[in-house]
Amino acid sequence: MERIAIYPGSFDPITNGHIDIIKRGRKLFDKIIVAILCNSSKNALFTIEERKEMLRNSLHDMTNIEIASFDGLLVDYAVERKADAILRGMRAISDFEYEFQMALMNRSLQRNVQTVFLISGLKWIFISSSVIKEAARYNGDISNMVHPFVDKKLKEKFGFSNP
Ligand code: COA
């Protein structure tokens, strides 16, 4: 039986930290569905289509990855997609409380879907999509934190791309 995990998030935009979790998750699962939450309360910089394009480019060399989006409850989507697990990355202790609460809530809503946590690679512990956007907004060099395609998209978004 194929083991499927959903890796959910906002991915606004995808960072090297996310890529690291996906790469390592591939060793545990046969297929990973990278799923963008559509109805997020966060104010997104990129549209869902732009985020999908950045995911496709950042993950183009990986097999057994599907890029998708979902609305509503994550566990409902996991059941619909016949996923065995929800994959989440944990960067620091500060992530723990939120992740713990979400994992327990998801488990009480749907007992058949397990949450699997991977500890973020040390190199990526301090990054998030927000800090990368903040740096990119002022033309800071974030080229070692995102895929070159994402770097280009951020530059375009903030008006720093070459003519
Ligand atoms: N490396 C770098 N950054 C990482 C990371 C990693 N390994 N893992 C997470 N992050 C960052 C993200 O960039 C993001 O940063 P930002 O806040 O600056 O944008 C932050 O950590 C957390 O974002 P993300 O992982 O995208 O999660 P989220 O909190 O936006 O959304 C969902 C989490 C989608 C899983 C959750 O909201 C959800 O399931 N929603 C559906 C409704 C539902 O079922 N809710 C639960 C039960 S009520």
Side-chain angles (χ1 to χ4, degrees), residues 1-42 44 46-130 132 144-154:
M1 267 254 299
E2 202 183 33
R3 285 161 310 158
I4 302 174
I6 308 240
Y7 183 49
S10 308
F11 304 110
D12 185 43
I14 180 168
T15 70
N16 285 349
H18 298 126
I19 296 172
D20 171 55
I21 298 289
I22 296 166
K23 272 191 184 148
R24 286 157 52 212
R26 286 176 72 228
K27 296 184 179 150
L28 302 175
F29 297 97
D30 300 309
K31 176 177 173 179
I32 297 188
I33 301 170
V34 183
I36 307 171
L37 172 68
C38 293
N39 57 337
S40 173
S41 55
K42 290 182 182 174
F46 292 102
T47 65
I48 299 287
E49 268 322 304
E50 288 173 322
R51 284 183 261 168
K52 279 190 176 167
E53 191 191 16
M54 289 186 282
L55 283 167
R56 274 195 298 274
N57 277 276
S58 303
L59 306 173
H60 74 98
D61 55 346
M62 292 186 213
T63 52
N64 299 335
I65 300 281
E66 181 185 326
I67 292 153
S69 52
F70 74 103
D71 252 326
L73 281 183
L74 175 59
V75 286
D76 289 345
Y77 182 65
V79 169
E80 182 192 319
R81 299 304 315 270
K82 299 185 171 41
D84 306 286
I86 293 165
L87 177 64
R88 294 288 290 169
M90 189 93 78
R91 283 163 300 171
I93 308 268
S94 50
D95 281 346
F96 180 79
E97 203 169 319
Y98 172 65
E99 294 295 339
F100 181 70
Q101 191 182 30
M102 205 159 62
L104 286 179
M105 181 57 152
N106 285 336
R107 188 165 150 72
S108 70
L109 292 170
Q110 177 53 256
R111 297 194 79 74
N112 296 329
V113 180
Q114 309 302 325
T115 303
V116 173
F117 292 105
L118 290 179
I119 301 294
S120 262
L122 252 189
K123 248 172 115 180
W124 315 119
I125 246 143
F126 69 99
I127 65 170
S128 70
S129 299
S130 303
I132 283 173
N144 58 344
M145 298 170 208
V146 292
H147 185 277
F149 184 79
V150 175
D151 192 18
K152 179 172 148 276
K153 285 299 196 191
L154 280 163

Rounded to the nearest 0.5 Å, what separates atom CD1 in Ile125 from atom OG in Ser120? 6.0 Å
Could you check whether any side-chain heavy atom of Lys23 comes within less than 4.5 Å of a side-chain heavy atom of Met62, counting everything from C-beta outward? yes
What pairs meet the salt bridge (charged side-chain N to carboxylate O under 4.0 Å, His left out) rule with one or both residues in residues 101-129, with sequence neighbours excluded? none
Shortest non-hydrogen separation from Phe11 to Ala35 and the atoms involved: CE1-O, 3.7 Å
Rounded to the nearest 0.5 Å, the CH2 atom of Trp124 sits from the CD1 atom of Ile19 at a distance of 8.0 Å
What's the separation between atom CG in Asp151 and atom CG in Asn144, rounded to the nearest 0.5 Å? 9.5 Å
Qualifying residues under side-chain contact (heavy atoms from CB on, under 4.5 Å), relative to Ser130, sequence neighbours excluded: Ser128
I want to check something: taking the side chain as every heavy atom from C-beta on, are Ile6 and Phe70 in contact at a cut-off of under 4.5 Å? no
Which atoms form the tightest heavy-atom contact between Gln110 and Val79, and what is the distance? NE2-CG2, 3.3 Å
Sequence neighbours excluded and cut-off under 3.5 Å, please list the side-chain donor-acceptor pairs for residues 80-90, or say none.
unit_1: Arg81; atom_1: NH1; unit_2: Glu66; atom_2: OE2; d: 2.8
unit_1: Arg81; atom_1: NH1; unit_2: Tyr77; atom_2: OH; d: 3.2
unit_1: Arg81; atom_1: NH2; unit_2: Glu66; atom_2: OE1; d: 2.8
unit_1: Arg81; atom_1: NH2; unit_2: Glu66; atom_2: OE2; d: 3.2
unit_1: Asp84; atom_1: OD2; unit_2: Ile4; atom_2: N; d: 2.8
unit_1: Arg88; atom_1: NE; unit_2: Glu99; atom_2: OE1; d: 3.0
unit_1: Arg88; atom_1: NE; unit_2: Glu99; atom_2: OE2; d: 3.3
unit_1: Arg88; atom_1: NH1; unit_2: Pro8; atom_2: O; d: 2.9
unit_1: Arg88; atom_1: NH2; unit_2: Glu99; atom_2: OE2; d: 2.8

Atom CD1 of Ile14 and atom OG of Ser58: how far apart are they, to the nearest 0.5 Å? 4.5 Å
Mind checking whether Arg26 and Ile65 have side chains closer than 4.5 Å, heavy atoms only? yes
Please list, chain by chain and in numerical order, all residues satisfying side-chain contact (heavy atoms from CB on, under 4.5 Å) with Lys152, sequence neighbours excluded. Phe149, Glu156
Got a second to check how far Phe126's CZ is from Met145's CE, nearest 0.5 Å? 4.5 Å
Sequence-distant partners of Asn16, side chain to side chain donor-acceptor pair (under 3.5 Å), two or more places apart: none
Return each pair, listed once, that meets salt bridge (charged side-chain N to carboxylate O under 4.0 Å, His left out) where at least one residue sits in residues 52-65; pairs must be two or more places apart or across chains. Glu53-Lys153
Please examine the side chains of Leu74 and Val113, heavy atoms only from C-beta on, and report whether any two atoms are closer than 4.5 Å. no
Would you say Glu2 has more than 12 foreign heavy atoms packed within less than 6.0 Å of its CD? yes
I'd like to know if the side chain of Arg51 reaches the main chain of Phe46, judged simply by a donor and an acceptor atom lying under 3.5 Å from each other, with no hydrogens or angles considered. yes
Under the criterion side-chain contact (heavy atoms from CB on, under 4.5 Å), I'd like the reasoning laid out for Leu55 against Ile36: C-alpha separation, chi angles, the key distance, then a yes or no. CA-CA 10 Å; Leu55 283 167; Ile36 307 171; 3.6 Å; yes
Atom of Ile127, atom of Gly17 and distance for their closest heavy-atom approach: CD1-N, 3.9 Å
CD1 (Ile22) and CZ (Phe29) are apart, to the nearest 0.5 Å, by 13.0 Å
Shortest non-hydrogen pair, Asn39 vs Gly72, comes out as ND2-N, 3.4 Å
Least distance between heavy atoms, Leu28 atom then Leu118 atom: CD1-CD2, 4.1 Å
Ignoring hydrogens, what is the shortest heavy-atom contact between Pro13 and Ser129? Give both atom names and the distance. O-OG, 2.9 Å
